[in-house]
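Heads up, the thing below is written out as structure tokens.
As the structure lists them, so they are numbered: ligands from 1, and atoms in each ligand from 1.
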Amino acid sequence: MVTIFMLSDDILLFFSHLHCLGCTPKYHIVYLVIPPPMSTQTKYVYVFSSSKTEGEASMKNLLGGKGANLAEMCRLGIVVPPGFTITTEACTEYTQKGKKHVLNLIKAEVQQSVALIESEMGKKFGDNADPLLLSVRSGARASMPGMMDTILNLGINDEAVEGLARKTGNERFAWDSYRRFVQMYGDVVMGLKPVSKEDHDPFEVIIDMLKAEKRVKLDTDLEADDLRELVQRFKALIRARLGRDFPTDPWEQLWGSVMAVFESWNNDRARVYRELNEIPESWGTAVNVQAMVFGNLGNSSATGVAFTRDAGTGEDLFNGEFLVNAQGEDVVAGIRTPQQITLEGSHRWAQLACISEEERRSQYPSLEEIMPEVYQQLVHAETTLENHYKDMQDVEFTIQEGKLWMLQTRNGKRTGAAMVRIAMEMLRQGMIDEKTALMRVGPDRLDELLHPIFDTEALKDARVLARGLPASPGAATGQIVFFADEAEEWAKKGHSVILVRLETSPEDLRGMSVAKGILTARGGMTSHAAVVARGMGKCCVSGAGAIHVDYKNHTMTIEGQTWHEGDWISLNGSTGEVYEGQITTMEAALSGDFGELMQLADKYRRMEVRANADTPEEAAIARKFGATGIGLCRTEHMFFEGERIIAVREMILADDETGRRKALAKLLPMQRGDFEGLFREMNGLPVTIRLLDPPLHEFVPQDEDNQQAMAREMKVSLGKIKMRVEELHEFNPMMGHRGCRLGITYPEITEMQTRAIIEAALNMKVKGMDVRAEIMVPLVGTVREFNAQAEVISRTAESVFAERGERIQFLIGTMIETPRAALIADSVGKQAEFFSFGTNDLTQLTLGFSRDDAGKFLPHYLKKGIYERDPFQSIDQQGVGLLVQMAVQKGRAVRKDIELGICGEHGGDPASVEFFHRTGLDYVSCSPFRVPIARLAATQAAIRELK
Ligand code: PEP
Ligand code: MG
């Protein structure tokens, strides 16, 4: 039995009498506290206005970017047309449970909110005498420009249009508003779509017909009666095509529009945009409903967009454009030439457009000149907004009969150069702190500051011929050549050339180095062409599959059209585009702000950034960009310089060790000289030199012409050359006779290279330089492989020390680029003094994707989302990354001070750099032109960790 007493409103007292046979009754006293009644209703609508605002900037997830910023503007006292935001949660309800359900959820709140707009505007929604018109706009968490739908002038019908005409005294305006509304609503909400190609935009077709009947050219030439006629024809079309009447009830119009915006979250455009920008479907869009304000109510009305700073250069100059007597969509449509907002901007614009001051003042005056008071209000608003958000703002506004209304504000998109300048200037102006300034610049965007770029004006008329991978950034324009030696000949004569190849090989190196750009039909982001071009800082587009190269006829064909040697083409290595003809390029300027930003970055960075550099010239560039060492010198690249290839080939052709040693002796002084150059450039900084790595077949010509030339040069028969080439042929060279396998089968190569390194180091030491040499063994898979090579290195070094009577300190380490090496990193770490992760090969071998052939299927994999990013560009964190993490732990467990770095192409990819920071590597090494990118990415990783 239970007895209940009520002690107070929220506390009940329970007595529970427990009886059991043979025992005394027991009383259990229980207090039950009833929580105060709580509203179980989720809030789906947030109003914003001068009198009441419920949202704020931090509520982007719920209110979308636009809604949250509208609320924030109201809080700042900026004049915004009053309105409300229906939350993204309502959109999710719509997607999951449909229209009826969501209408029930939001109806009452929307009705109350419309009442608030009515009281703020002093007009009634649905009032035919003086109607309140509304705008309905989407607004997701992340900006998705133009992807979803907008409806303007909502609330108008056959009666209200007359009221609007009377009230504004502007019949044409009223009918034009009605015409625009029927057009937008018919398309977006009612779904009237074209039925044929000629019918591309059914409403525009009707407008064109009427203009033809009236013999007028422009929409603005149509008069009120014409617009009335258009409304009738639009409605008739809707009735005929859809079997429904255009809705006259403003509420029906409003619900229809709100649901259409929710629906547009799932239209094809939005879906594709989300996929490309990795925006989750679950986010949904908010809907913003606002009182309409009109920029098309005559010459004291206008509409425009503005930036608080220059989005192109970053200059701290308020700028933007506007149109008098226009609605926002007219600005977007670009039919009329917009005017500049500031006088300064107007002068600059006129100068560029070659317009005289007189014409400018009479035809295109600035807002500052024609509406000075409104202009001052606009300046006040933009300053308030920028100071508040502490970032460059992109704003939209409307002026209705002399009154300024702000419609939107958001952080403005900008170029890489503008990013740097704005961040550094805001820091100097005391608006942001150092860490914020450093986080404001996208590391990848620094690329734009490092390479030549196309003149934007010249690019406007350029025709894209083909697209490939953006393998190495920058812009290049030149005449087509198909062979490396021809590239050299043409370049010697002063021509700018683009080397076009099916793919490149180390033989093409010299031709590549003199070409302005490189274009290949095959190969991926880590193909020979891509890697070498990035190292050289040279523009390269690789894997442009549409190109068919015909070496025999010295032509290339794209979709049936043929280009010959000597024809001009241009490449954009940052986008992968190939253009027809010659396009002017400009050297990118490294501004002072860029240098300052990089210095600041070093203050917060933990990881070092080294460079992959093979020559003293590359080392010098790397130093200029702030590299603090060489993380990878691929010695084989030196083998192609000048006369050396002859000695290399002699070594390859030798029948026995004696013959090989003879050839290697010729190479020794050349390599020593190279290493001296590297040590000189890097005075005091570490230089990691890798022993010979590629399969030997890369050093001999594959085609008969060149084989014949080689036979002549070497004074042997063509048959012998062919036989050796045949012997060197491998089915899978990447997994064949390469890496330390070469040094193990031919230890004399390792001996020669070690001798060259140590002698060079000693020579530089004598000259007073501080030398930090690190000798690296490639492609190790077992400890014995490493030990065998380490033994040769140590023995050779000791004999050089003995000969010279002097020593230097140096390290012997290994690349970790086979999965097995990573798995046994503890055993390897006991022997090796450093690890450098070769993530190109590690990716290739872990994924089983050939670096050179992945271009055939990877694009499909990326499109289908099987891999989110090209694993050769951005490290596969779950797979390859796990091996790196494991090897780091194992290496450190056995050797606390082991030096750990990475020298694969991932060393220049910001997302990978962040991963390597988290993994605890000591350095990343990347191509010289990516050094600043890696420096900033490493800094941002460190700052993120501090947060
Ligand atoms: C690697 O495999 O990541 C590496 C740096 O070596 P390479 O690209 O020369 O094979
Ligand atoms: Mg490798």
For Glu868, look at atom CD and say whether over 12 heavy atoms of other residues, nucleotides or ligands are found less than 6.0 Å away.
-> no
Location of contacts on His906 toward ligand 1, heavy atoms closer than 4.0 Å = neither
By number and element, which atoms of ligand 1 are closer than 4.0 Å to a non-hydrogen atom of Arg738?
-> 10 (O)
Which ligand 1 atoms does Asn840 reach within 4.0 Å, using its non-hydrogen atoms?
-> 1 (C), 2 (O), 3 (O), 4 (C), 5 (C), 8 (O)
Going by an N to O cut-off under 4.0 Å, is there a salt bridge joining Glu899 and Arg610?
-> yes
Is it the side chain (CB and beyond), the backbone, both or neither of Glu636 that lies under 4.0 Å from ligand 1, heavy atoms counted?
-> neither
When every non-hydrogen atom of Ala466 is compared with those of Ile547, the smallest separation belongs to CB-CG1, 4.2 Å
Applying salt bridge (Lys or Arg N to Asp or Glu O under 4.0 Å), run through Arg738 and Glu730 and close with a yes or a no.
-> CA-CA 11 Å; Arg738 60 168 288 217; Glu730 290 179 317; over 6 Å; no
Using a strict cut-off of 4.0 Å, indicate which atoms of ligand 1 neighbour a heavy atom of Leu632.
-> 5 (C)
Within a radius of less than 6.0 Å around CE of Met670, do more than 12 heavy atoms belonging to other residues, nucleotides or ligands occur?
-> yes
Is there a nitrogen or oxygen of Glu905 sitting under 3.5 Å from a nitrogen or oxygen of ligand 1?
-> no
Hey, does the side chain of Thr839 reach the backbone of Leu842 with a donor-acceptor pair shorter than 3.5 angstrom?
-> no
In Glu817, the N, O or S atom nearest to the Mg ion (ligand 2) is which?
-> OE1
Any N/O of Gly838 closer than 3.5 Å to an N/O of ligand 1?
-> yes
Arg784 atom CZ: more than 12 heavy-atom contacts under 6.0 Å = no
Could you see which bit of Arg634 sits under 4.0 Å from ligand 1, with heavy atoms only: side chain, backbone, both or neither?
-> side chain
Anything under 30° is parallel, anything over 60° is perpendicular, the rest tilted; go ahead and classify Phe857 against Phe849.
-> perpendicular
Could you list which atoms of ligand 1 come closer than 4.0 Å to a heavy atom of Arg851?
-> 2 (O), 7 (P), 8 (O), 10 (O)
Identify, for atom 6 (O) of ligand 1, the protein heavy atom at the shortest distance, and state residue, atom and that distance.
-> Arg690 NH1, 2.9 Å
Please state whether Met815 comes within less than 4.0 angstrom of ligand 1, counting heavy atoms only.
-> yes
How is the N/O/S atom of Asp841 that comes nearest to the Mg ion (ligand 2) named?
-> OD2
Check: Asp674/Gln671 side-chain N/O donor and acceptor closer than 3.5 Å = no
Which atoms from ligand 1 have a heavy atom of Cys903 less than 4.0 Å away?
-> 5 (C)
